[in-house]
Structures are given as C-alpha cells and as structure tokens.
Protein chains: 2
Amino acid sequence: MASGTQQSDTSQSSKTPTVTMRDVARESGFSPTTVSITLNDAPLARYLPAETKARIKQAARKLGYRPNPFARSLVSKRSQLIGVMVFDITDPWCTPILRGIEKTLYESSYVTIFTDSHNDPTRFERYLEMLLDRRVEALVIVANWLFLDINVLADLRKRDIPTVLIGPELGISSISSVVLDNEAGAYKAIQHLYELGHRDIAFIRGPELLSDTASRWTGIRAFADSVGLAIDPDLVLDLAESADPMSSFDGGIALVEELLRRGKRFTALMAFDDMTALGAMRALAHAGISVPGQCSVIGFDDIGPASIATPGLTTIRQPTEQMGSFAAARVIEEVHAAHKSPGPKPVHHHKVNPELIVRESTAPPTPV
Amino acid sequence: MASGTQQSDTSQSSKTPTVTMRDVARESGFSPTTVSITLNDAPLARYLPAETKARIKQAARKLGYRPNPFARSLVSKRSQLIGVMVFDITDPWCTPILRGIEKTLYESSYVTIFTDSHNDPTRFERYLEMLLDRRVEALVIVANWLFLDINVLADLRKRDIPTVLIGPELGISSISSVVLDNEAGAYKAIQHLYELGHRDIAFIRGPELLSDTASRWTGIRAFADSVGLAIDPDLVLDLAESADPMSSFDGGIALVEELLRRGKRFTALMAFDDMTALGAMRALAHAGISVPGQCSVIGFDDIGPASIATPGLTTIRQPTEQMGSFAAARVIEEVHAAHKSPGPKPVHHHKVNPELIVRESTAPPTPV
DNA sequence: TCCCGAAGTTCGATTTAAATG
DNA sequence: GCATTTAAATCGAACTTCGGG
C-alpha cells in the first residue's frame with residue numbers, strides 16, 4: 001500500500017514541464033516582451049489595448065504560468081526575502097512575536113526565511129552569513145537574551161540592510177529596535193502589590209548582565225521611593241547567568257528556598273520573569289505556603305504558561321505580537337525607503353508599553 | 001544620535017558594489033569559466049593545477065565574492081529552499097518540532113521558508129501556493145490539527161515535491177508522515193494509573209473529528225480489557241471541536257466541573273492532552289480537590305508548560321524534536337533521491353514511540 | 001576523459017531602444 | 001508624432017564544446 005503503483009495521471013506524469021513566459025507568448029501570439037509588460041502591469045501597459053492584455057492573461061492562466069522567481073530576482077535585484085533570526089524558538093516568549101511578524105508579512109509579497117541561533121554566537125554568525133548570501137532584503141532579530149557584540153551589528157549597518165532588533169534594550173546602538181518599557185512594567189508590578197497592601201516584598205532580580213534587569217530594578221526603586229517603601233536587602237536575590245530559558249525556572253525554585261532559609265517574613269514576591277515566578281510557585285507549594293493565601297506572586301512577560309498555571313499568574317504583559325508586527329512593518333518600510341533613496345537610514349528605537357494582567361496569584365496579604 | 005552623521009567608512013559607503021564572478025576572473029587573471037569550475041569544485045577542477053585554484057580562491061576571498069543564488073538557481077534549477085508550514089506557531093507542541101527541523105537543516109545547505117497557516121484552510125492554500133511559486137524543493141507540514149482535505153495533498157504528490165506531514169494519523173494517505181503511536185501512548189498512561197492502584201478513572205477524550213482521539217481511546221480500551229478494568233461511561237466525557245489550542249484548557253475546566261456535578265467517585269483523571277489536563281487541575285483546585293492527594297491527573301504530549309506547572313504534570317511524551325529532525329532528514333533524502341531518478345517516490349509512514357514521564361500529578365489513591 | 005583554459009550558449013525573466021503602420 | 005509591438009541586451013552563474021600544449 002505504501003509505495004504501490006501509481007495508476008492515474010496519464011500524460012503529465014513525472015516532472016512538471018515548467019511553462020515559461022515564452023510559452024505564454026507563443027500561446028497568445030504576442031512577443032515575450034508584451035507578455036512581460038502586461039503580466040507585470042508595467043508602465044508601458046497603458047498603451048496596450050485591453051483586448052491584447054486579456055488574451056495574454058488568459059493564455060497565462062490556461063497554461064498555468066508561474067513566473068520564475070530566480071530569473072526575476074536576477075534582474076530586479078530584489079529577493080522578496082526577509083530574514084528572521086530567533087535566538088531560541090524554545091522560549092515561549094518568542095512564539096507570539098513570530099506570529100506577529102508573520103501576520104504583517106502575510107499581507108506583503110515578502111517571504112520569511114527562518115533561522116534559530118540557539119543563543120550561540122557561532123550559529124548566529126553562520127546563519128547571518130547564510131541570510132546575507134541569500135540576499136535577504138531585511139532582517140528581524142528576536143533576541144530573548146543578548147550576547148551580540150556591537151561589531152556584528154555595525155557590520156549589518158555597513159551592508160546597508162534594514163534591520164530591527166526585538167528584545168533587550170541595548171542602550172545607544174546603531175541598529176533599530178523594538179523594546180519594552182521595562183521600567184514602566186516593573187513600576188506597575190510593584191505598584192499592584194503595594195496597592196493590595198503588601199509592604200514586605202521579596203524580589204528575585206534577573207541576571208546582572210541582562211540589561212532588562214537594571215531597568216526593571218530602576219522601575220521598582222522609582223515606585224518604592226515615591227511611596228517611601230523600604231526594600232529589605234535580605235529579600236533581594238539575583239538570578240544566575242544563563243541563556244537557557246528553563247534555568248530561570250530552576251533559579252526561581254532555588255532562590256525561594258534560599259529566601260525561606262533566611263527566615264525573613266515576606267507577604268509577596270516579585271519575580272524577574274514568569275519562568276522565575278512559576279519556579280517560585282513550585283518552591284512555595286513544596287514548602288506548604290499557599291499562593292496567594294500566604295504569599296502573593298507576580299511575574300513578568302505573560303508568556304503562555306502564565307495563564308494556564310494554577311493559580312493563574314498575575315504578571316506584566318509584553319505586547320509580544322504587536323512587537324513582532326511592528327518590527328516587520330518597520331523593516332518593510334525601510335526597504336521601501338531604501339528603494340527610493342539609497343544610503344544609510346536613520347535608526348529608530350520604539351518603546352512599547354507593558355500592561356498589568358491580574359490573575360489569581362496576587363491578593364491582599366492576610367493579617368497576621 | 002539616532003540618525004547622526006556617519007563618519008567612518010570612507011570609500012565603500014552606501015551600497016555594496018556586488019562583486020561578480022567576472023570580477024574574480026579579472027582579478028585572478030583567469031576566465032570566468034575557470035573561476036566557476038574551481039569555486040564549485042566541479043569535476044573538471046581535477047585537471048586544474050593547485051596554483052591556479054589557489055590564486056582564484058584568493059582573489060575571490062580578497063574581493064569578498066559571494067555567488068548570486070538567483071543566477072545559480074536559474075541554471076541549476078535547484079532553489080535550496082525547504083518550505084515549512086506550521087498550523088499554529090502558538091501551540092507549544094509545535095515549537096520543539098521546529099527546533100528539530102532546524103537542527104537537521106542547519107547541517108545541510110538548505111534554508112527554511114517559514115509559514116503559519118493559523119489553522120485556516122484559506123491561509124494554508126495561499127501559503128502553499130507561495131511556497132510552490134518560490135520553487136521550494138520540499139515541504140514539511142507541522143499539523144497539530146487536521147482540516148486538510150485529501151485533494152490538496154494529492155495535488156502535492158502530483159507536483160512531485162517531497163512532502164512529509166508531522167502530526168495526526170490520517171489513515172491511508174498518499175503523503176509521507178511522521179506520527180506518534182497514540183495507541184501505545186494511551187496504553188502506557190492508563191497502565192501507569194492502574195499500576196498505582198487506581199480503579200475509578202475518569203476520562204476526557206478529544207474531539208471526535210480528530211483521528212488521535214480514536215487511537216488513544218483504542219489504547220485505553222486495550223489496556224482496560226487486558227486487565228478486566230471496567231470503564232464507567234458516566235466518567236467519560238468528550239472535548240468539543242475547536243482548532244484553538246487554548247480551547248482544550250477551557251474544555252478541561254468545564255468538563256471537570258461537569259464531572260464533579262455528576263457526583264460519581266473517581267480517584268484519577270486521564271486527559272486527552274496536557275492543555276486539557278492543566279485545565280482539569282485548575283478546576284480541581286478550585287473545587288478544593290488536591291492533586292495528586294485526592295485525585296491523580298495524567299496528560300498527553302508533554303508540552304513545555306507540563307513540566308513547569310505545579311504540581312508537575314505526569315504525561316506521555318511525544319518525542320517532538322526527534323519527529324521534526326526525522327521529517328527534515330526524510331525530506332532531504334527524498335530530494336536527493338529525486339535528483340537521481342525522477343518520478344513519484346514511495347510514501348513512507350513513520351510511527352514514533354511515546355514515553356511515560358512521571359512527575360508529581362500522579363500518586364497512589366488514598367484509601368477511603 | 002592527457003592537461004589546461006576559454007569562448008559561447010543557456011537558464012527565464014526585465015527593460016531599453018527601436019520598428020511598424 | 002502616436003499607438004502598438006518587438007528585437008536585443010542584460011542580470012550572474014553553470015555547462016558544453018572546443019583549441020592548444
């Protein structure tokens with residue numbers, strides 16, 4: 001059954017005969033030039049009588065003509081290809097971004113070449129070269145973690161290919177980006193806890209090398225200072241460095257255990273991200289501490305698992321899908337602009353706003 | 001600062017000059033033919049003196065020569081492109097598969113064109129056309145849900161482009177596939193519960209239209225029959241039809257509530273998939289029923305959220321990454337084979353084995 | 001299939017310049 | 001000059017054929 005004989009399909013068996021423009025020309029009785037002009041609706045098509053165009057189009061349809069993209073790209077020098085480089089497809093933060101990119105690219109005539117660097121610089125550079133060799137017209141980089149050194153990015157600028165980086169803030173940079181307002185997000189998070197009545201709040205901060213860590217902490221400090229809330233240094237722990245998204249889950253577990261060991265009272269915990277928060281909830285559960293009954297937990301990112309955890313995780317949502325859409329739109333815009341006037345384009349930095357999503361993991365502290 | 005003046009980069013400013021094979025020929029002092037032969041290590045290269053080859057290669061390196069893929073594809077008729085169509089990138093089941101595909105494609109010289117059909121037949125067909133128009137050499141389809149009608153698939157066969165479908169079993173079909181042995185998986189799941197001592201087991205089955213539903217149920221029946229376990233029809237509920245992965249989470253909640261309403265005793269619950277199981281755990285928690293203390297829960301798939309839920313979800317793992325790798329390898333193989341001898345290739349169906357992953361959500365029933 | 005190298009044709013389209021009535 | 005159409009050059013590489021050494 002599996003490989004059986006193929007009975008049907010009498011004539012047009014094995015390979016498709018590849019019908020070319022020439023064939024359409026022959027079929028319609030016009031020259032290849034005229035065919036090209038009509039089918040592309042080129043400027044000169046204005047002078048062609050409707051009758052001619054109709055005949056040509058019908059011939060094309062009849063033969064099932066499909067223009068060869070390589071021949072086309074060869075002369076137009078446009079690949080209609082957009083390169084997308086994800087740092088780690090395994091990270092649930094990335095997938096909605098991909099969805100966003102795909103949504104806006106779907107409307108255009110561009111097609112996506114997908115690559116995944118596994119957070120590995122070597123792989124990143126090799127893929128980058130591949131993409132460039134393939135003549136992608138633009139690049140969208142989805143970076144959940146930043147190891148990139150400036151040289152690589154500068155190189156991109158030099159090659160004059162529109163690029164947008166989604167993810168970490170990387171301060172002054174020569175490359176366009178779409179980043180979250182981490183400071184505002186963290187501010188909203190702690191404000192939420194504070195308004196519920198929490199005063200003894202523990203914090204798990206991100207890895208020091210990650211720029212997001214600093215900005216989120218700045219947001220936290222800003223709110224704390226504004227209401228005169230004291231932050232106990234003993235209740236502040238840092239996640240270790242790592243490029244594996246799962247590691248912050250484990251980190252969350254380990255650091256909560258450490259927190260518990262220290263014995264200081266806290267009624268709420270603000271985690272660096274959702275993975276950490278989920279790890280923390282696991283550790284809390286194992287210690288017999290109920291969430292949010294005895295301890296509220298708030299995360300950051302609003303990745304998929306946050307909403308299907310029990311209790312549902314209160315968190316700060318990154319509008320990931322919009323970020324992806326925006327980046328893709330931006331990059332297409334730049335391609336069009338470059339088409340009009342070549343040369344380096346201005347760099348844009350777009351900052352998007354996070355949103356507080358209240359679920360089940362936060363509640364007012366229970367009076368002692 | 002953003003758009004500032006660009007000081008460095010004296011000469012090679014705006015656009016890259018695109019160095020062609022001709023330039024390399026001129027630089028090295030040989031003809032384009034000789035350059036082509038050496039750079040591609042064509043058969044004729046055997047006769048070229050090392051000296052010549054070295055000079056040419058050096059010239060190429062010096063000029064930063066990059067062969068134009070369009071010119072190349074135009075004559076070779078090979079695009080070096082593999083189309084990947086995901087039904088829903090948002091579904092956590094898909095991402096490890098993508099990773100697997102990417103891993104094996106990385107080693108090859110192929111590049112991935114990524115598309116996401118959103119479980120929408122219209123979108124699927126439009127993307128399919130796009131991929132075909134781009135002359136992809138093969139296709140990998142990652143289907144978490146099956147709406148495809150046979151016509152579309154048959155069409156693919158006719159076009160003679162190697163295709164592998166990852167996902168649902170679709171019985172007799174004309175297209176190669178990589179599917180999970182759902183029956184074996186379900187068998188292992190219920191066996192696990194049974195061996196823990198559970199006898200009153202509730203079931204949430206999948207939507208009727210999904211082929212996986214039937215095979216998993218077959219596995220369950222097979223085990224039950226083999227040990228003489230009775231299945232109470234009142235403890236068997238069905239998920240509604242839907243293409244949204246989140247819907248089974250909601251379904252899990254709703255059906256557990258229904259189950260509880262019925263008032264029949266059960267000490268374990270076997271869910272159609274992890275999403276359903278996670279929903280079930282939420283409903284159980286809300287009803288004040290502890291997992292696994294008062295009720296064990298087992299899922300299916302082992303998607304990412306299963307391991308970071310609390311309690312960790314016991315489940316049946318699909319070797320998703322391997323499935324992706326395998327499919328990609330298979331497809332490349334077929335491309336090579338087709339290169340040697342054209343014509344339709346035999347269809348292969350590969351069935352992979354699931355694995356029981358025991359976490360925290362299952363335990364022996366507590367004696368009443 | 002001795003060794004080395006190059007001229008010329010081809011792939012399938014776009015585009016310019018020009019020819020026809 | 002105008003409306004209508006097309007021959008011919010071009011894009012960048014690969015391959016076939018051929019000519020000397």
Side-chain angles (χ1 to χ4, degrees), chain A residues 15-57 59-60 63-80 109 132-135 137 339, chain B residues 15-57 59-60 63-80 109 132-135 137 339:
Chain A
K15 63 167 62 171
T16 320
T18 48
V19 22
T20 98
M21 217 179 62
R22 231 180 205 71
D23 299 319
V24 179
R26 197 174 312 120
E27 171 78 20
S28 65
F30 293 94
S31 75
T33 309
T34 311
V35 173
S36 172
I37 288 170
T38 23
L39 259 29
N40 294 319
D41 205 29
L44 278 172
R46 290 194 327 119
Y47 301 132
L48 295 178
E51 171 66 16
T52 301
K53 296 198 264 191
R55 289 238 305 277
I56 289 179
K57 281 177 185 167
L63 299 182
Y65 169 68
R66 294 302 183 167
N68 182 312
F70 307 118
R72 200 200 277 267
S73 289
L74 189 55
V75 4
S76 72
K77 289 176 177 333
R78 313 202 51 203
S79 64
Q80 303 289 97
S109 55
L132 264 15
D133 283 352
R134 294 280 180 162
R135 308 294 200 267
E137 292 187 45
H339 207 230
Chain B
K15 65 165 61 171
T16 318
T18 47
V19 22
T20 101
M21 218 179 61
R22 234 181 203 70
D23 299 318
V24 179
R26 198 175 309 119
E27 172 78 18
S28 65
F30 294 93
S31 76
T33 310
T34 311
V35 173
S36 172
I37 289 170
T38 30
L39 260 27
N40 293 319
D41 207 28
L44 280 173
R46 290 195 325 119
Y47 303 133
L48 295 179
E51 172 65 17
T52 301
K53 295 197 264 192
R55 289 240 302 278
I56 289 179
K57 280 177 186 167
L63 299 181
Y65 169 68
R66 294 302 184 166
N68 182 311
F70 308 120
R72 203 200 276 267
S73 289
L74 189 54
V75 8
S76 72
K77 290 180 176 328
R78 314 201 49 205
S79 65
Q80 304 288 97
S109 53
L132 263 15
D133 283 352
R134 295 280 181 162
R135 310 295 202 264
E137 292 187 43
H339 206 229

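Quick note on labels: first sequence line is chain A, next is B, and so on, each numbered from 1.
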**Student:** Between B/Ser31 and C/dA6, does any side-chain N or O lie under 4.0 Å from OP1 or OP2?
**Tutor:**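 Affirmative; the distance criterion is met.
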
**Student:** When you measure from the side-chain N and O atoms of B/Thr34 to the phosphate of C/dA6, is any distance below 4.0 Å, counting only OP1 and OP2?
**Tutor:**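 Affirmative; the distance criterion is met.
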
**Student:** Has A/Ser76 got a side-chain N or O lying under 4.0 Å from the OP1 or OP2 atom of C/dT14?
**Tutor:**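 No, no such contact exists.
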
**Student:** Is B/Pro49 touching bases, backbone alone, or none of the nucleic acid, heavy atoms closer than 4.0 Å?
**Tutor:**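 Counting heavy atoms under 4.0 Å across all strands, the contact made by B/Pro49 is with sugar-phosphate only.
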
**Student:** Of all the heavy-atom pairs spanning A/Lys53 and A/Leu48, show the shortest one and how long it is.
**Tutor:**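 Looking at all heavy atoms of both residues, the closest pair is CE-O, 3.5 Å.
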
**Student:** Looking at the side chain of B/Val75, which of C/dT15, D/dA13, C/dA6 is the nearest nucleotide?
**Tutor:**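 The closest nucleotide is D/dA13.
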
**Student:** Students often get this wrong, so: under 4.0 angstrom with heavy atoms, is A/Thr20 touching a base, only sugar-phosphate, or nothing?
**Tutor:**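 A/Thr20: backbone/sugar contact only, no base atoms under 4.0 Å.
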
**Student:** Within this structure, what is the NZ-to-P distance between B/Lys53 and C/dC3, rounded to whole angstrom?
**Tutor:**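 So the NZ-P distance, B/Lys53 to C/dC3, works out to 12 Å.
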
**Student:** Between C1' on C/dT10 and CG on A/Asn68, what's the gap in Å once rounded to a whole number?
**Tutor:**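 Taking atom C1' of C/dT10 as the reference, CG of A/Asn68 is at 13 Å.
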
**Student:** Round to a whole Å and report the spacing from OH of A/Tyr47 to P of C/dA19.
**Tutor:**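 About 19 Å, once rounded to whole Å.
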
**Student:** Taking any heavy-atom pair under 4.0 Å as a contact, classify A/Phe30: base, sugar-phosphate, or nothing.
**Tutor:**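 Since only primed, P, OP1 and OP2 atoms lie under 4.0 Å of A/Phe30, the category is sugar-phosphate.
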
**Student:** Regarding B/Arg66, tell me which of base, sugar-phosphate or nothing describes its non-hydrogen contacts under 4.0 Å with the strands shown.
**Tutor:**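 Sugar-phosphate contact only - B/Arg66 comes under 4.0 Å of backbone atoms but never of a base.
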
**Student:** What integer distance in Å separates A/Arg22:CZ from D/dA7:C1'?
**Tutor:**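 One finds 11 Å between C1' of D/dA7 and CZ of A/Arg22, rounded.
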
**Student:** Using modelled atom types and a 3.5 Å cut-off, is there a donor and acceptor pairing between side-chain atoms of A/Thr38 and backbone atoms of A/Thr34?
**Tutor:**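 Present.
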
**Student:** Reckon A/Thr52 touches a base, only the sugar-phosphate, or nothing at all at heavy-atom distances under 4.0 Å?
**Tutor:**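 It contacts sugar-phosphate atoms only.
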
**Student:** Can you check whether B/Asn40 has a side-chain N or O nearer than 4.0 Å to OP1 or OP2 of D/dA13?
**Tutor:**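 For D/dA13, OP1/OP2 do not have a side-chain N/O of B/Asn40 under 4.0 Å.
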
**Student:** Any donor-acceptor pair under 3.5 Å linking the side chain of A/Ser28 with the backbone of A/Ala25?
**Tutor:**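 Yes.
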
**Student:** Which heavy atom of A/Ser109 sits nearest a heavy atom of B/Arg134, and at what distance?
**Tutor:**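 Taking every non-hydrogen atom into account, O-NH2, 3.1 Å.
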
**Student:** Are A/Asn68 and B/Arg135 side-chain neighbours, meaning at least one heavy-atom pair lies under 4.5 Å?
**Tutor:**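 Yes, side chains in contact.
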
**Student:** For A/Lys77 and C/dT15, what is the distance between atoms NZ and P respectively, to the nearest whole Å?
**Tutor:**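 Answer to the nearest Å: 12 Å.
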
**Student:** What is the distance, to the nearest angstrom, from the CZ atom on B/Arg46 to the P atom on C/dC2?
**Tutor:**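 Value for this atom pair: 9 Å.
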
**Student:** Calculate the interatomic distance between A/Arg78 atom CZ and C/dA13 atom P; express it in whole Å.
**Tutor:**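 For the pair A/Arg78 CZ and C/dA13 P, the rounded distance is 19 Å.
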
**Student:** At under 4.0 Å, does any side-chain N or O of B/Arg72 touch on OP1 or OP2 of D/dG12?
**Tutor:**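 For B/Arg72, the contact criterion (side-chain N or O under 4.0 Å from OP1 or OP2 of D/dG12) is not met.
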
**Student:** What's the closest nucleotide to the B/Ser36 side chain, out of C/dT16, D/dA13, D/dA14?
**Tutor:**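 Comparing C/dT16, D/dA13, D/dA14 against the side chain of B/Ser36, the answer is D/dA14.
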
**Student:** When the distance from CE of A/Met21 to P of C/dC11 is rounded to whole Å, what number comes out?
**Tutor:**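 Taking CE of A/Met21 and P of C/dC11, I get 14 Å after rounding.
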
**Student:** Using every non-hydrogen atom in the two residues, find where B/Tyr65 and B/Val19 come nearest and quote the distance to one decimal.
**Tutor:**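 For B/Tyr65 versus B/Val19, the nearest heavy atoms are CD1-O, 3.4 Å.
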
**Student:** Would you say a side-chain N or O of B/Tyr65 is under 4.0 Å from OP1 or OP2 of D/dA13?
**Tutor:**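 So the side chain of B/Tyr65 is within the cut-off, an N or O lying under 4.0 Å from OP1 or OP2 of D/dA13.
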
